[in-house]
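Heads up: the structure comes next, in structure tokens.
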Amino acid sequence: MKLSLNIDKAFKETKITIEGPTLDDHIQELIDFIHSREQQFLIAKKGEMQHILKPVDIHYFHTENDHVVAVTATDSFILKEKLYELEALLPSTKFIRLSKSVIANLHELSRFEASFNGTLCVYFKSGKKEYVSRTYVPVIKTALQLNRRKTE
């Protein structure tokens, strides 16, 4: 991978250009990192107060009574965004969909256990837990690099 940097006071704004033959994991990781730098915080509501939340402090997002709730280690907050909007907004290297109603911060996962019906129960560092639906089990296994055995 080649890297070029051109600093000139004549430029009015910063522009990032990525050129390559394909969109691979490394390029996607760079894009996600750049987007994560743009999204510094989310505005959430608790009671009548508006709170500023950093995405890294959020353990997971879930739907509850037609609202999207951001859960931190100590509290829960209501967001205006929909889950699909958050999924597009947040870096895919840090946040992953666990089910139709849950997006989790990969860095806040503690452990998980498999169940007989093909789902996973995910435990967060805070002790809270959520379930990964069967549809999303392969996605989370890939994200956590659990499929390390070579298939022939």
Side-chain angles (χ1 to χ4, degrees), residues 1 3 13-20 22-151:
M1 180 185 295
L3 177 65
E13 64 181 356
T14 301
K15 179 174 109 176
I16 299 171
T17 304
I18 300 173
E19 298 174 347
T22 61
L23 179 61
D24 61 13
D25 290 342
H26 297 293
I27 293 173
Q28 187 61 51
E29 197 172 316
L30 285 169
I31 292 168
D32 290 342
F33 175 77
I34 292 164
H35 284 301
S36 72
R37 302 303 300 164
E38 293 173 358
Q39 179 62 33
Q40 299 288 331
F41 55 84
L42 296 167
I43 304 296
K45 192 173 183 179
K46 175 85 176 174
E48 295 300 314
M49 298 290 289
Q50 299 285 333
H51 295 266
I52 300 170
L53 303 176
K54 293 180 186 174
V56 295
D57 295 334
I58 298 169
H59 287 215
Y60 62 95
F61 302 91
H62 69 98
T63 56
E64 182 179 299
N65 300 330
D66 295 331
H67 291 95
V68 173
V69 178
V71 179
T72 65
T74 57
D75 218 339
S76 299
F77 304 89
I78 295 174
L79 297 169
K80 289 182 181 177
E81 290 84 2
K82 302 288 184 200
L83 274 181
Y84 70 88
E85 293 171 329
L86 290 170
E87 191 174 25
L89 191 72
L90 297 166
S92 62
T93 55
K94 292 181 183 170
F95 290 88
I96 190 164
R97 183 74 83 134
L98 299 184
S99 66
K100 282 184 176 179
S101 59
V102 179
I103 296 174
N105 182 341
L106 283 169
H107 298 276
E108 293 299 328
L109 297 180
S110 165
R111 62 187 170 89
F112 59 93
E113 58 189 42
S115 63
F116 292 110
N117 64 0
T119 63
L120 291 175
C121 182
V122 175
Y123 292 86
F124 294 89
K125 292 176 183 174
S126 64
K128 296 173 182 161
K129 67 180 181 178
E130 280 292 334
Y131 292 91
V132 180
S133 65
R134 283 185 288 170
T135 307
Y136 293 95
V137 168
V139 177
I140 194 161
K141 282 185 176 181
T142 301
L144 296 173
Q145 298 176 347
L146 294 178
N147 293 331
R148 294 181 187 180
R149 283 186 244 159
K150 302 282 184 197
T151 54

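This one's a predicted model, so the numbers in the text were calculated from it and none came from an experiment.
Within a 6.0 Å radius of CG in Leu23, more than 12 heavy atoms belonging to other residues, nucleotides or ligands are found. The number of heavy atoms from other shown groups lying within 6.0 Å of OH (Tyr123) is above 12. Surrounding CG of Asp25 are at most 12 heavy atoms belonging to other residues, nucleotides or ligands under 6.0 Å away.
The side-chain hydrogen bond (donor to acceptor under 3.5 Å, both in side chains) search around Gln28 returns Asp32, not counting sequence neighbours. Applying the side-chain hydrogen bond (donor to acceptor under 3.5 Å, both in side chains) rule to Glu87 yields the partners Arg97; only residues at least two apart in sequence or on another chain are considered.
Checking Leu42, Leu79, Ile103 one by one against Ile58, the side-chain contact (heavy atoms from CB on, under 4.5 Å) holds for a single residue, Leu42.
Using a 4.5 Å cut-off on side-chain heavy atoms (C-beta onward), Tyr60 and Val71 make contact. Counting heavy atoms from C-beta on, the side chains of Thr63 and Val69 never come closer than 4.5 Å. Side-chain contact between Tyr131 and Val122 is absent, with no heavy atoms from C-beta onward closer than 4.5 Å. Proximity of Leu53 to Phe77: side-chain heavy atoms (C-beta onward) are separated by under 4.5 Å at one or more points.
Closest approach of Leu120 and Phe112 over heavy atoms only: CD2-CD1, 3.9 Å. Leu83 and Phe61 get closest at one heavy-atom pair: CD2-CB, 3.8 Å.
Judged by distance alone, the side chains of Asn117 and Thr119 do bring a donor and an acceptor atom under 3.5 Å apart.
Taken to the nearest 0.5 Å, the CG atom of Leu98 stands 12.0 Å off from the NE2 atom of His62. To the nearest 0.5 Å, atom NZ of residue Lys46 and atom CG of residue Asp75 are 4.0 Å apart.
The main-chain N or O of Asn105 is never found under 3.5 Å from a side-chain atom of His107 such that the two would form a donor-acceptor pair. A donor-acceptor pair under 3.5 Å is absent between the side-chain atoms of Lys82 and the main chain of Val68, judged by distance alone.
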